[in-house]
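What you see is a predicted model, and the numbers here were worked out from it, not measured in a lab. Lettering of chains follows the sequences in order, A, B, ..., and the numbering in each one begins at 1.
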Amino acid sequence: MPTLADILYEFSVWHEIGGSPFKPRAYALAAESVTALGSDVKDTWRTGGVKALVALPGIGRSIAEKIDEYFRTGHIKEYDMMKKRFPVDITGLTRIEGLGPKHLAELYRRLGITDLAMLKRGLTRHEIRSLPGWGVKSEERLAKNLALMERSSGRHLLSEILPMADDIVAILSKIPGVRRCVYAGSLRRRQETVGDIDLIATTDTPARVMDAFVALPLVEAVHEKGKTRSSVRLRNGIDADLRVVPDEVFGATLQYFTGDKRHNVLLRERALSKRLTLNEYGLFRLAKKKMGERLACATEEDIYARLDMETPPPEIRGGGDEIEAAWTKTLPHLLPYGSVKGDLQVQTDWTDGSASIGDMVTAAKAAGLSYLAVTDHTKALAFIHGLDDVQVKKQGRAIDALNRKLRGFRVLKGTECDILRDGGLDLKDSTLASLDWVGVSVHSLFNLPRKAQTARVVKAIANPNVDCLFHPTCRIIGKREGLDLDMDEVIAAAKKHRVALEIDAYPDRSDLRDIHVRAAVQAGVKLAIDTDAHTPDHFRFIPFGEAIARRGWATTADVVNTKSAKDLLAYLDKKRKRRVS
DNA sequence: GCCGTTTTCGGCCCGACTGTTTTCAGTCG
């Protein structure tokens, strides 16, 4: 059975083929909404049923009932019927650039093409060029884009793409005639994964800049090349789009291409309601359905201000309630980059880290931090020689000795204590009570059923010696789904026991993710932003953790390690009085 | 099908690029 998002997307394509004017958009937006929520759609449904689903953006009565049917029965009758009448691998085929609903319908009706293999056969036999509206060029283009799709590397972790994007921006900035150059899109919004690189350049000589762009050595193939927009495949398998505009409309273009799509649709609808129209060249008055005077274009702030809104930071532009908050001028003051003062999850060569405590301190200092917590694994992780109670005490004495030598930097004694099968902990309470910072986490039995897994985690954080739940869901992006946890229950337990939830910034973890951060913040649960550093080089992940916090609407006050070491220890002292020793 | 600082009815974002078209349809972001 395809995923829920795929099904909604296929409905959208299906209605597009059928010529329905507005249903395609409705289903497409619902599909995006479901994708953005991930597994939490099912949680929402489980706790609130159809009624709770309707409250989600882009989901109304009709779609909510289909989702309900999907979760209850594993099928959607209307979808199955649609599939019978149009047995086409819509999701698979539309991954090819330039192949949309109308073409799919044509290929199926005239040639019976339903999947990639049949499409390839049609291409080699040159059956496609003779279809009405098609020609040799469009057939060749389809073949080229199919090959590019097969060699595409899919979505990438933000941390992989960001340095690459910085390099490309630097290269483009040197093209003669370029005044400003930045990246926008999902990169600027700091989404956890990025599909392509959206670039904006301003210039008075667009043609020259475009010629230079598509001729760059790092460009492997050109999808499109126009006067103001070009799209290319880079040699590393990633697509990049460049938009070129006059410098004076930079703000409008930046707003437009930062997105996301739903945010922009809502914004433009809001503009329309004020008899204005918004595009990548500015915000204009609308007179007799024609564009009139330009009201704003230089900066994003100008545009939002003319719509009587605050400017939402890019990280929270998702087409949800940031629009409402911007309108009512109640946007939160998100935690600024550079706010984290210490890293509270660091592994050393006492277990599976690569460097000594001293070397990690040196690297943390160089990264601008003023403290770190040494949190080596515990003995349940035998294969990496996790520490037992005696070794933890011994490490503590080593840290005391190191602290006596350090100036302007503090090393906290900590642990990443394993959560055992029954929710018990891998170190004695007396050992835990002797530490400055106790993190706990799951490293085994990832597939326990939801009820048992939730009970296990909740029991662990109910231990009064625990300060933080590390990488709470244990997902690994692209590899491991993560624990089946009732996050509402975990968040409620964290609140009750005053345990912080970690934002593990290690790129393929990114755990908590944005929506759970948001739920934690709304519940008044504190967060810790850590890198999970295993080498000195890993402290560079901190901004990625800060980005997740920002996407979850967190402020400085929500994150415990924005405090100085002294304030953090004072804060933890209040908890320590309740500890069992 | 969704949605509401104009609305429970009647609206629904906007422009660039391509190819096959002599004025536009399809696709994309």
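- Comparing the C1' positions of B/dT27 and B/dT21 gives a spacing of 16 Å, expressed to the nearest Å.
- Comparing A/G98 and A/Y281 by the nucleotide of DNA chain B whose heavy atom lies nearest to each, the residue mapping closer to the 5' end is A/Y281.
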Mind listing the N/O atom pairs, protein and nucleotides 3-6 of chain B, below 3.5 Å?
| unit_1 | atom_1 | unit_2 | atom_2 | d |
| --- | --- | --- | --- | --- |
| B/dC3 | OP1 | A/G58 | N | 2.7 |

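- Counted by atom type alone, A/H516 and A/R513 present zero donor-acceptor pairs between their side chains at under 3.5 Å.
- Rounded to whole Å, the C1' atom of B/dG1 lies 15 Å from the corresponding atom of B/dT8.
- Going from atom NZ of A/K227 over to atom P of B/dA16 covers 9 Å, rounded to whole Å.
- Spacing between B/dC12 and B/dT7 at atom P, rounded to whole Å, works out to 16 Å.
- Remark: the separation of the P atoms in B/dC9 and B/dG15 is 32 Å, to the nearest Å.
- For the pair A/R25 CZ and B/dT27 P, the interatomic distance rounds to 19 Å; values are reported in whole Å.
- Counting non-hydrogen atoms of other residues, nucleotides and ligands closer than 6.0 Å to CZ of A/R450 gives a total above 12.
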Between A/R233 and A/V219, is a side chain to side chain contact (heavy atoms under 4.5 Å, CB included) present by the stated rule, with each step listed? CA-CA 6 Å; A/R233 167 69 54 86; A/V219 170; over 6 Å; no
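- By the 4.0 Å N-to-carboxylate-O rule, A/E293 lies too far from A/R306 to be salt-bridged with it.
- Contact check of residues 228-258 of chain A against DNA chain B (heavy atom, cut-off under 4.0 Å) returns A/T228, A/R229, A/D241, A/R243, A/Y256.
- For A/S62 and B/dG1, the shortest distance from a side-chain N or O to OP1 or OP2 is below 4.0 Å.
- The aromatic ring of A/F22 stacks onto the base of B/dC12, its centre lying under 5.5 Å from the centre of the six-membered base ring with the two planes under 30° apart.
- The environment of A/K51 atom NZ is sparse: at most 12 non-hydrogen atoms of other residues, nucleotides or ligands sit within 6.0 angstrom.
- The stretch residues 100-107 of chain A touches DNA chain B through A/G100, A/P101, A/K102, A/H103, each having a heavy atom within less than 4.0 Å of the strand.
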Apply salt bridge (charged side-chain N to carboxylate O under 4.0 Å, His left out) to residues A/R188 and A/D198 and explain how you reach the verdict. CA-CA 9 Å; A/R188 183 164 181 251; A/D198 291 310; over 6 Å; no
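- In summary, A/R229 and A/E224 engage in a salt bridge, as defined by a charged side-chain N under 4.0 Å from a carboxylate O.
- In terms of heavy atoms, A/Y281 sits closest to A/A252 at C-CB, 3.6 Å.
- For A/H103, there are no side-chain hydrogen bond (donor to acceptor under 3.5 Å, both in side chains) partners, not counting sequence neighbours.
- Within residues 77-92 of chain A, no residue has any heavy atom closer than 4.0 Å to DNA chain B.
- The nearest whole Å value for the distance from the CG atom in A/L93 to the P atom in B/dT27 is 12 Å.
- Across all strands shown, A/L131 has no heavy atoms under 4.0 Å from either base or sugar-phosphate atoms.
- Between the P atoms of B/dT6 and B/dG11, the separation comes to 15 Å (whole Å).
- If you take CG of A/L199 and P of B/dG29, they are 14 Å apart, rounded to a whole angstrom.
- Nearest-nucleotide assignment on DNA chain B puts the 5′-proximal partner with A/G226, out of A/K261 and A/G226.
- B/dA16 and B/dT27 make up a base pair, with Watson-Crick or G-U wobble contacts both under 3.5 Å.
- With sequence neighbours excluded, no residue satisfies side-chain hydrogen bond (donor to acceptor under 3.5 Å, both in side chains) with A/S130.
- Here, B/dG26 and B/dT20 have their C1' atoms 11 Å apart, quoted to the whole Å.
- Using a cutoff of 4.0 Å between basic side-chain nitrogens and carboxylate oxygens, A/D80 and A/K83 are not scored as salt-bridged.
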Please test A/F11 against A/M82 for side chain to side chain contact (heavy atoms under 4.5 Å, CB included), starting from the C-alpha separation and ending with a verdict. CA-CA 8 Å; A/F11 269 120; A/M82 179 263 276; 4.2 Å; yes
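- To the nearest angstrom, P of B/dT18 lies 15 Å from CD of A/E140.
- Taking atom CZ of residue A/R275 and atom C1' of nucleotide B/dG11, one finds them 13 Å apart after rounding to whole Å.
- Put simply, A/S138 has no side-chain N or O that comes within less than 4.0 Å of OP1 or OP2 on B/dT18.
- With rounding to whole Å, A/E10 atom CD is found 18 Å from B/dG1 atom C1'.
- With respect to A/E220, the salt bridge (Lys or Arg N to Asp or Glu O under 4.0 Å) criterion is satisfied by exactly one of A/R235, A/K144, A/R151: A/R151.
- Within 6.0 Å of CZ on A/R270 lie more than 12 heavy atoms contributed by other residues, nucleotides or ligands.
- Here B/dG1 is the nucleotide among B/dG29, B/dG1, B/dG19 with the atom lying nearest to any side-chain atom of A/A26.
- Residue contacts shown for A/L266 are absent, as no nucleic acid heavy atom lies under 4.0 Å away.
- At a threshold of 4.5 Å between non-hydrogen side-chain atoms, the residues A/T202 and A/V244 do not count as touching.
- The aromatic ring centroids of A/Y27 and A/H15 lie less than 6.0 Å from each other.
- For the pair A/E224 CD and B/dC17 P, the computed distance is 8 Å after rounding to whole Å.
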